[in-house]
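Below you'll find the structure, written out as structure tokens, and then a few comments.
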Amino acid sequence: MADRSLRGIRLGAQSLQSEEGVIFHERAQYTYACTTCHRDSTLTFAADAEIPDTWECRTCGAEAVLRKGEGTVTVDHSGDKIPRTHWDMLLERRSVPELEELLEERLAYVRARRGAGDDVTKEKLSA
Ligand SMILES: [Zn+2]
């Protein structure tokens, strides 16, 4: 440490630890081709890591597909989750006949209130 000057070194940005004697994990590089901007993103993975078929494009953020030989791997999107709508969630809790019944109940309630409201108005007008 004595032979090195700390001046000008941003702490945190650089490690002062020496790489001497450090055995690096075996790495492998993979290239992903963007489906939108067609640029390549090259990433380094640990040699024993499971390589994902897709990665976020480093240029535009769109989906980039792993290159394999001359082309790219085939991405299976069949397992992708389709976002549920409010209607889908509602149907998970209630059937359509149940919803119709609830709607009828609610309409009857609203009509009764409106009717009562009308009566109040009439009373006020006649008073
Ligand atoms: Zn892109």
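Ligands are counted one by one from 1 in listed order, and the atoms in each one are counted from 1 as well.
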Legend entry - Worked verdict on E98 versus R93 for salt bridge (charged side-chain N to carboxylate O under 4.0 Å, His left out): CA-CA 10 Å; E98 274 177 337; R93 299 195 304 268; over 6 Å; no
Inset, instruction - For the pair Y30 and F45, name the ring-plane relationship: parallel under 30°, tilted 30 to 60°, perpendicular over 60°. - result: perpendicular
Distance, nearest 0.5 Å, that separates [atom1] of [X] from [atom2] of [Y]:
X    : Y    : atom1 : atom2 : value
E105 : E100 : CD    : CD    : 13.0 Å
L99  : E104 : CG    : CD    : 12.5 Å
L102 : R94  : CG    : CZ    : 5.0 Å

Legend entry - Residue pairs fulfilling salt bridge (charged side-chain N to carboxylate O under 4.0 Å, His left out) with at least one residue in residues 58-69, sequence neighbours excluded: D40-R67
Inset, instruction - Anything protein N/O/S under 2.8 Å from the Zn ion (ligand 1)? Just list residue and atom, please. - result: C34 SG, C37 SG, C57 SG, C60 SG
